[in-house]
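Presented below is the structure to which this report refers.
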Protein chains: 2
Amino acid sequence: MKTEKVSELTTNRLSVYLRCLNELAVSGTETISSQALADQFNLNSAQIRKDLAYFGEFGVRGVGYYVEDLRRHLMNILGLTEKRKVVIVGLGNLGLALANYQGFNQDSFEVVGLFDDDPAKIGVKTRIGVTIQSTKHLSEAIRRDKVEIVILAVPAIAAERVLEEVTEAGVRAVLNFAPVHLNPRPGVKVKTVDLTISLESLSYFLANPGTDAVSVDYRDFLGREAGANGAAR
Amino acid sequence: MKTEKVSELTTNRLSVYLRCLNELAVSGTETISSQALADQFNLNSAQIRKDLAYFGEFGVRGVGYYVEDLRRHLMNILGLTEKRKVVIVGLGNLGLALANYQGFNQDSFEVVGLFDDDPAKIGVKTRIGVTIQSTKHLSEAIRRDKVEIVILAVPAIAAERVLEEVTEAGVRAVLNFAPVHLNPRPGVKVKTVDLTISLESLSYFLANPGTDAVSVDYRDFLGREAGANGAAR
DNA sequence: AATTGTGAATTCCTTCACAGCC
DNA sequence: GGCTGTGAAGGAATTCACAATT
């Protein structure tokens with residue numbers, strides 16, 4: 001167990017391992033080797049061992065990793081044992097889809113509020129039974145309900161402003177779907193999902209056949225950014 | 001201008017630069033320096049110059065880059081001067097949202113078909129005026145309409161099978177929203193958007209305050225994968 | 001004077017290879 | 001024998017720093 005900083009590439013892979021372990025647990029598999037796990041994702045087994053070694057010695061030499069044990073460790077590391085409250089701001093197509101999406105781990109994330117500034121939408125109840133409120137009440141609700149994560153599904157033009165507002169209200173983690181670069185304050189983490197970049201990346205590939213090296217499906221997007229610790233640059 | 005392979009990190013940044021140049025063009029700015037561009041994204045100016053240098057010498061020393069000129073070059077490099085046909089498979093919450101999403105560059109991408117295997121959905125017309133068809137007709141439509149990009153918004157369990165089918169029908173680029181690792185055949189590129197990983201990454205950050213180094217908003221997900229050139233490992 | 005384009009230096013990430021343990 | 005954990009090697013991406021150019 002080290003105290004070095006852990007790269008986000010590593011923690012993202014932990015999520016992938018966890019998903020796989022969940023399936024293995026369901027199927028009743030007791031142990032798995034780093035090699036067997038690596039085969040599932042075209043990864044190198046040493047990488048998996050290194051990723052895990054940042055957090056402890058979870059394996060047993062000659063045996064591999066106990067599925068249930070490693071699963072619990074990863075849940076802990078990723079902070080998935082607590083249920084985190086989430087609000088969605090912007091209930092357009094995407095925001096509504098996310099509000100009704102069942103794919104999130106329901107044990108770890110709970111959508112407790114939906115906010116939009118379109119009067120026509122306020123009061124509408126979504127399938128999961130949450131009512132859309134005016135953004136007027138956003139800050140208040142975040143403070144009251146101890147919301148930890150905000151999903152931004154607003155137009156690009158509004159994203160910066162809402163980020164500012166929810167930061168002010170104490171939110172430290174934002175999942176941003178607006179196609180815009182956001183500069184969070186120190187201590188705040190923004191993760192952007194940019195569909196335009198994804199599509200254009202496919203377009204580049206189609207336009208430049210063969211140019212492509214080994215594709216890096218899970219390692220995406222532009223370089224270093226200002227970030228959580230504020231140490232931009 | 002070199003002939004080395006260009007990393008996807010580079011091409012993703014080109015998308016970001018292009019978006020910025022579009023805004024600059026609208027605002028009437030004539031030239032921009034790599035430094036000024038870099039400031040917008042907390043990037044290093046040398047990185048921008050290097051990224052561009054893979055494709056040519058677009059700048060003018062002492063001046064910078066002509067906005068319109070560079071914009072056109074980037075559009076060409078990214079293959080955005082042709083309109084590419086897209087179909088969406090899986091019209092659940094997310095698929096429907098994407099079908100109605102106006103955010104894609106309408107000049108470069110056109111949604112020409114929607115496919116689902118739920119009989120209740122077949123025949124439904126979306127807001128953008130495209131009717132949902134049975135997946136029975138998927139391969140046929142791809143071949144007939146020369147579809148180049150498939151957006152996969154099906155459940156994880158079905159993703160592999162649909163990928164196989166559309167690959168067989170000639171599609172070489174897939175944007176995958178199913179939370180599952182896909183192994184495309186050589187020559188096929190899959191780009192996965194995994195909301196679970198994104199959320200869990202935020203959860204990790206919340207659970208490990210301070211552990212976080214400079215956040216890397218645009219550089220996401222797990223390491224190397226089998227890919228377009230088939231040179232997995 | 002300003003800014004590009006790029007070799008060299010640096011930093012970061014991945015893979016190798018093997019000692020150590022079960 | 002099989003598999004982990006890890007130091008060392010290798011490779012990739014970023015940043016520095018400066019010569020070249022307008």
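Numbers restart at 1 for each chain; the letters A, B, ... are given by sequence-line order, proteins then strands.
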Exercise. Can you check salt bridge (charged side-chain N to carboxylate O under 4.0 Å, His left out) on B:E68 and B:R71, steps first, answer last?
Worked result: CA-CA 5 Å; B:E68 260 310 330; B:R71 204 175 78 86; 3.4 Å; yes
Would you please confirm or rule out a distance under 4.0 Å between OP1 or OP2 of [N] and any side-chain N or O of [X]?
X     : N      : value
A:Y65 : D:dG5  : yes
B:R13 : D:dT14 : yes
B:S34 : C:dT3  : no

[atom1] of [X] versus [atom2] of [N]: gap in Å, rounded?
X     : N      : atom1 : atom2 : answer
A:K5  : C:dC12 : NZ    : C1'   : 7 Å
A:E8  : D:dA13 : CD    : P     : 18 Å
B:D39 : C:dT3  : CG    : C1'   : 14 Å
B:Y54 : C:dG7  : OH    : P     : 12 Å
B:Q47 : C:dA8  : CD    : P     : 20 Å
B:R49 : D:dT15 : CZ    : P     : 12 Å
A:L37 : D:dC3  : CG    : C1'   : 14 Å
B:N42 : D:dT14 : CG    : C1'   : 15 Å

Between [options], which nucleotide gets closest to the side-chain atoms of [X]?
X     : options               : result
B:L9  : C:dT3, C:dT15, D:dA13 : D:dA13
B:S33 : C:dT3, C:dC22, D:dT6  : C:dT3
A:R61 : C:dA19, C:dG5, D:dT15 : C:dA19

For this session: For B:T10, answer base if it contacts any base atom (sugar-phosphate contacts may also be present), sugar-phosphate if it contacts only those atoms, and nothing otherwise; contact means non-hydrogen atoms under 4.0 Å.
Result: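 If one applies the 4.0 Å heavy-atom cut-off, B:T10 turns out to touch nothing in the nucleic acid.
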For this session: Would you mind classifying the nucleic acid contact of B:S7 as base, sugar-phosphate or nothing, using non-hydrogen atoms under 4.0 angstrom?
Result: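 It contacts sugar-phosphate atoms only.
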Exercise. Judged by modelled atom types alone, do A:Q35 and A:D39 share a side-chain donor-acceptor pair under 3.5 Å?
Worked result: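 A pair is found: one side chain offers a donor N or O, the other an acceptor, under 3.5 Å apart.
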Problem set entry | Side chains of A:S34 and A:R49, donor plus acceptor under 3.5 Å |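 Checked: A:S34/A:R49 side chains pair up, N/O donor to acceptor below 3.5 Å.
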Exercise. With a 3.5 Å cut-off and just heavy-atom distances, do the side chain of A:K50 and the base of D:dT6 make a donor-acceptor pair?
Worked result: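 No.
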Problem set entry | Criterion side-chain contact (heavy atoms from CB on, under 4.5 Å) on A:I142 and A:E165, from CA distance to verdict | CA-CA 10 Å; A:I142 286 171; A:E165 181 178 346; over 6 Å; no
For this session: First locate atom OG1 of A:T10, then atom OH of A:Y17, and finally report the distance between them rounded to the nearest 0.5 Å.
Result: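 Here the rounded value is 7.0 Å.
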